[in-house]
Amino acid sequence: MQVKRFFAADMRQAMKLIRDELGADAAIIGNRRIAGGVELTAALDYKLSALAPRVPNVELEEELRKTQSKIVSAQAELSLRGEGDAEASRQLFAGLPLTAAEPLIEPTLVEPPRPLPAPAASIDQRAFDNMRNELNGLRELLEVQLGSLAWNQLQGSRPEQANLWRRLQRIGLSGPLSRDLLAQVAQIDEPRQAWRMLLAYLARMITTPELEPLEEGGVIAMVGPAGMGKTTTLAKLAARYVLKYGAQNIALVSMDSFRIGAQEQLKTLGRILNVPVTHVAPGQSLGQTLEPLVRKRVVLVDTAGLQASDPALRLQLDSLAGRGIKARNYLVLATTSQKQVLAAAYLSYKRCGLAGCILTKLDETASLGEVLSLAIGHALPVAYLTDGPRIPDDLHLPRRHQLVSRAVSVQMQEEPSEEAMADMFADIYHSPPKRVG
């Protein structure tokens with residue numbers, strides 16, 4: 001039997017190392033969290049005990065039983081400790097004489113239970129933290145193995161469905177969204193018809209505003225992290241409105257006092273378009289800044305792209321979400337961003353209330369699946385698209401079928417790896433099914 005340890009930043013990378021070196025028949029016989037990642041112990045030609053049932057993931061089940069025993073023991077220890085404290089309190093008054101007029105225990109005489117020593121409490125907390133980390137590692141390991149198992153079973157039983165899964169992975173769609181789409185074409189056997197219907201369902205899941213935001217008017221704010229294209233998008237929107245309706249009923253407002261040159265950019269744009277530009281001064285609220293602009297039909301607000309940990313971000317988002325503002329906030333998302341960046345942007349900016357999203361840099365992207373998955377998953381209407389530097393020519397209203405066609409045209413050329421497909425199936429376990437249409 002060959003036994004070896006593997007170190008990686010996360011569970012999926014560790015599993016890939018094991019598969020590459022020991023093959024798919026290797027057994028995981030141990031795992032633990034370490035500084036900077038995880039450690040897995042794998043064995044080749046591992047012989048199970050004769051008494052152990054020969055079912056998949058028997059090692060994981062055994063580890064889960066051990067962890068469950070630790071939790072039960074810890075809970076029992078805490079219960080016994082609480083009962084011991086109560087018994088000690090009763091013994092303090094066991095020898096006191098009682099009279100008819102006296103209560104059983106005089107509240108003023110009862111001493112509170114002595115607090116547990118700090119070192120013992122810290123030891124218990126460390127034990128629980130270790131168990132929680134161990135359970136999280138086991139869960140991640142289970143998801144990876146179950147994803148790989150499910151993918152292998154699908155390839156063997158339904159190769160046509162497996163091929164559709166591969167095509168959706170090339171587009172970049174998330175596992176849960178792909179699952180929901182494929183459920184709609186599960187009864188269609190002809191591959192081309194199934195693919196056409198699948199894309200039609202995808203187009204139906206993309207939502208767009210019934211009325212163009214500029215036509216609706218009001219306060220429209222561009223929000224999102226730095227580098228997503230907020231200021232450029234605002235310039236395109238302003239130019240689009242001025243060319244159509246003139247410069248009399250539009251104004252620009254800047255909340256960005258952090259980025260060098262941000263205010264100068266907006267001032268230059270205002271001079272070119274002959275549009276007034278106002279900056280939110282330090283100590284002044286957004287509501288006070290907007291009061292003189294109440295007669296303007298459209299007010300476009302440019303915001304600062306701050307990190308999620310910056311306290312100023314919360315103040316900025318709270319200002320946009322204020323009751324007297326009535327701003328419609330659009331999350332600007334660069335389609336060139338990775339899915340982790342997109343997800344973090346949504347989590348950071350959803351607190352201000354999002355009316356929809358604006359997708360930028362479509363001319364530079366290699367995949368649209370990630371941003372479409374986020375917009376569909378969080379029910380964000382796609383308000384505008386931008387695909388170039390020209391103002392305002394490269395600003396477009398979205399057409400759902402055209403957006404899907406574009407997503408297919410920029411898909412990856414190479415076939416996704418087996419590890420990527422297993423990861424896609426593992427992603428499914430995080431999300432319940434949704435109804436399409």
Side-chain angles (χ1 to χ4, degrees), residues 11-13 15-16 18-20 23-25 56-57 140 142-206 335-336 338-340 342-343 359 362 365-377 399-437:
M11 196 68 69
R12 293 181 181 180
Q13 294 183 25
M15 290 293 295
K16 185 178 186 303
I18 293 173
R19 283 195 296 265
D20 292 344
D25 296 330
N57 299 322
E140 188 176 354
L142 274 172
E143 289 172 354
V144 172
Q145 290 198 343
L146 288 174
S148 179
L149 179 63
W151 169 241
N152 291 332
Q153 289 177 344
L154 181 67
Q155 289 186 97
S157 60
R158 303 196 64 183
E160 297 85 3
Q161 281 271 314
N163 185 54
L164 292 177
W165 275 100
R166 288 193 187 92
R167 298 184 73 173
L168 292 178
Q169 174 68 10
R170 289 173 61 184
I171 293 177
L173 297 181
S174 67
L177 177 57
S178 299
R179 173 201 56 203
D180 297 338
L181 287 169
L182 285 165
Q184 302 299 311
V185 298
Q187 306 304 321
I188 302 178
D189 295 327
E190 207 283 314
R192 291 185 179 180
Q193 182 184 2
W195 180 245
R196 288 195 298 269
M197 290 299 299
L198 189 149
L199 295 181
Y201 280 116
L202 176 60
R204 287 175 54 185
M205 296 177 75
I206 301 171
T335 57
T336 53
Q338 297 178 341
K339 63 179 181 180
Q340 295 88 346
L342 297 172
L359 308 186
L362 270 75
T365 188
S367 174
L368 282 175
E370 290 81 3
V371 73
L372 290 180
S373 297
L374 183 137
I376 293 172
R399 299 288 182 266
R400 296 185 296 180
H401 286 84
Q402 293 178 0
L403 194 54
V404 171
S405 298
R406 192 160 190 165
V408 175
S409 66
V410 298
Q411 65 182 328
M412 295 185 300
Q413 298 302 315
E414 65 275 6
E415 288 290 331
S417 64
E418 294 299 303
E419 288 79 8
M421 295 307 304
D423 288 346
M424 190 182 192
F425 270 69
D427 190 27
I428 294 174
Y429 293 100
H430 291 290
S431 176
K434 294 182 180 179
R435 184 177 179 272
V436 179

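As the structure is a computational prediction, the values presented were derived from the model and not from experiment.
Residues Thr335 and Thr365 come closest through the heavy atom pair O-OG1, 2.9 Å. Closest heavy-atom contact between Ala194 and Ile188: N-CG2, 3.7 Å. Heavy-atom minimum distance, Leu362 versus Leu359: CD1-O, 3.5 Å. The two residues Trp165 and Ser178 come nearest to each other via the heavy atoms CZ3-CB, 3.4 Å.
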Fill in: Test log, rule side-chain contact (heavy atoms from CB on, under 4.5 Å), inputs Lys339 and Leu374
CA-CA 8 Å; Lys339 63 179 181 180; Leu374 183 137; over 6 Å; no
Discussion item. For Leu177 and Met205: C-alpha separation, side-chain torsions, deciding distance, then whether side-chain contact (heavy atoms from CB on, under 4.5 Å) applies.
Written reply: CA-CA 10 Å; Leu177 177 57; Met205 296 177 75; 3.3 Å; yes
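The CG atom of Leu403 sits 5.0 Å away from atom CG of Leu372, with the distance rounded to the nearest 0.5 Å. Leu202 CG to Ile206 CD1: the interatomic distance, rounded to the nearest 0.5 Å, is 5.0 Å. Once rounded to the nearest 0.5 Å, the distance linking CG of Leu164 with CG of Leu198 reads 6.5 Å. Atom CH2 of Trp195 and atom CG of Asn163 lie 9.0 Å apart (nearest 0.5 Å).
Applying the side chain to side chain contact (heavy atoms under 4.5 Å, CB included) rule to Glu190 yields the partners Arg192, Gln193; only residues at least two apart in sequence or on another chain are considered. When the side chain to side chain donor-acceptor pair (under 3.5 Å) test is applied to Ser367, the partners found at least two apart in sequence or on another chain are Glu370. In this view, Ala203 and Arg400, His401, Val404 satisfy the side chain to side chain contact (heavy atoms under 4.5 Å, CB included) rule, not counting sequence neighbours.
Formation of a donor-acceptor pair under 3.5 Å by the Ser373 side chain with backbone atoms of Leu173 is not found in this model.
No more than 12 heavy-atom neighbours from other residues, nucleotides or ligands sit within 6.0 angstrom of CD on Gln338.
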